[in-house]
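Reckoned from all heavy atoms, side chains included, excluding hydrogens, waters and symmetry mates. Just so it is clear: chains get the letters A, B, ... in the order the sequence lines come, proteins before strands, and each one is counted from 1.
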There are 2 protein chains.
Amino acid sequence: MLRGDITKAIRDAVMTELAEVGYGRLSIEAVARRAGVGKTAIYRRWSNKLEMVLEIVSDVAGRSVPLPDTGSFAGDLQLLLMIVGKALQHRIASQIIPDLMAEASRNPQIAETLQKALRTHQQAVGDKLIGQAVARGELPAGTDPDLAVDLLLGPLYWRLAVARTPLPDDYLDKMIVAVTAALKAAN
Amino acid sequence: MLRGDITKAIRDAVMTELAEVGYGRLSIEAVARRAGVGKTAIYRRWSNKLEMVLEIVSDVAGRSVPLPDTGSFAGDLQLLLMIVGKALQHRIASQIIPDLMAEASRNPQIAETLQKALRTHQQAVGDKLIGQAVARGELPAGTDPDLAVDLLLGPLYWRLAVARTPLPDDYLDKMIVAVTAALKAAN
DNA sequence: CCAGGACGTAACGGTTGCGTTCCGCCGTTC
DNA sequence: GAACGGCGGAACGCAACCGTTACGTCCTGG
């Protein structure tokens, strides 16, 4: 039986290593070194680097995000942006996500895994959020969920993951106002 | 005297190779192979991989984008989004940019180079665009240029470079309406 | 108390890439 | 027509990493 503590150490090491050097330069040997583990322990669990990373990442990414339902669209939106903002400001996430996104454009398996994670619940969150708002009459009925998700997450992702500029205190509030107006206007 | 056609071949090869395998796995040998050139020709021009990539990329990124001034904010915005959208849909750009962005989080020199490129004219474009609109009275005077740039570029970048979803025909139009409303509301 | 198995270590041969060096070729320049 | 210099090609020693194997240790279950 494989030892759970070893598996955990390897998983942690992969995430850290992924954040530090990226997928392209990730090496099994470095993972083993960091985990304080023999290479054999890794090859006993996964057959190569891609399989290992996919399994570990999709496991982490698959942990479902609690869907907000605060009773009002503004509340839902604020909660969602705070959650996403928090996540994107975590060092590991902010390094790994853009890296894997870039890698996904070259590797269909990574792309599929990330798309699944993205579509499955991130966009589901958006759908639910928009659906609730439409049902409450806070947004027009024809609101395009795809466009809405872009308008919701795009600016925050851009600022935190691309431009890597810190968030001023009132930034999220302003953004909520702006995005709400955008969605109402987008019909 | 170094031969210009050789230099050009190397520059092209670097961009292509960068798009195909990313910075992390870029190798001088592969560049030389692709350019049909000896390694010596490369080392005669740059002393290592980082220096080579930085020089080439910042050269490409430094080519200034024509600042839109169509007379109206909606027109400026449409033009800007079309230009950016076009650029982000180019295969090479859409591969290289996210890749280098991810790499920038690990390499200060890359980060600085990209920040310079981003700040220098991409954000300048935003500033000018917002400034013109404010001067024309199309946007309130207190409009925050930083937030505005996020709201402008974030959704498009998210959709094209992150989610990698194609743009429906009327998407940009909808987005222009939405973003305009967002900026007016953001005061 | 013994067998099995997961473990770390070490080494294997093979590949890739680094940055450097030397060579012979060839087009310019004078 | 000779000197110069950039060129491609080949090889260098070195390092990292691949995926695999053999070995000896230790823990655990029966």
Could you tell me whether the side chain of Arg91(A) reaches within less than 4.5 Å of the side chain of Ser105(B), counting heavy atoms only?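 Heavy-atom side-chain distance check fails, nothing below 4.5 Å.
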Does any non-hydrogen side-chain atom of Glu55(A) lie less than 4.5 Å from one of Trp46(A)? yes
Of all heavy-atom pairs between Arg164(A) and Met101(B), which one has the smallest distance, and what is that distance? NH2-O, 4.1 Å
Closest contact, heavy atoms only, Lys184(A) versus Glu138(A): CE-O, 3.4 Å
Partner of Leu79(A) by side-chain contact (heavy atoms from CB on, under 4.5 Å), out of Asp76(A), Leu81(A), Ile83(A): Ile83(A)
Roughly, in whole Å, what's the span from [atom1] in [X] to [atom2] in [N]?
X: Leu26(A); N: dG19(D); atom1: CG; atom2: P; result: 11 Å
X: Ile42(B); N: dG8(D); atom1: CD1; atom2: C1'; result: 12 Å
X: Leu50(B); N: dG19(C); atom1: CG; atom2: P; result: 10 Å
X: Lys49(B); N: dG17(C); atom1: NZ; atom2: C1'; result: 10 Å
X: Ile10(B); N: dG6(D); atom1: CD1; atom2: P; result: 13 Å
X: Arg25(A); N: dC18(D); atom1: CZ; atom2: P; result: 14 Å
X: Glu51(B); N: dC18(C); atom1: CD; atom2: C1'; result: 16 Å

I need the Asn107(A) CG to Leu54(A) CG distance, nearest 0.5 Å.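 It comes to 7.0 Å.
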With the sugar-phosphate defined as primed atoms, P, OP1 and OP2, and the base as all remaining atoms, what B/S/- string results for nucleotides 6-16 of chain C, 5' to 3', for protein heavy atoms under 4.0 Å? SBBB-------
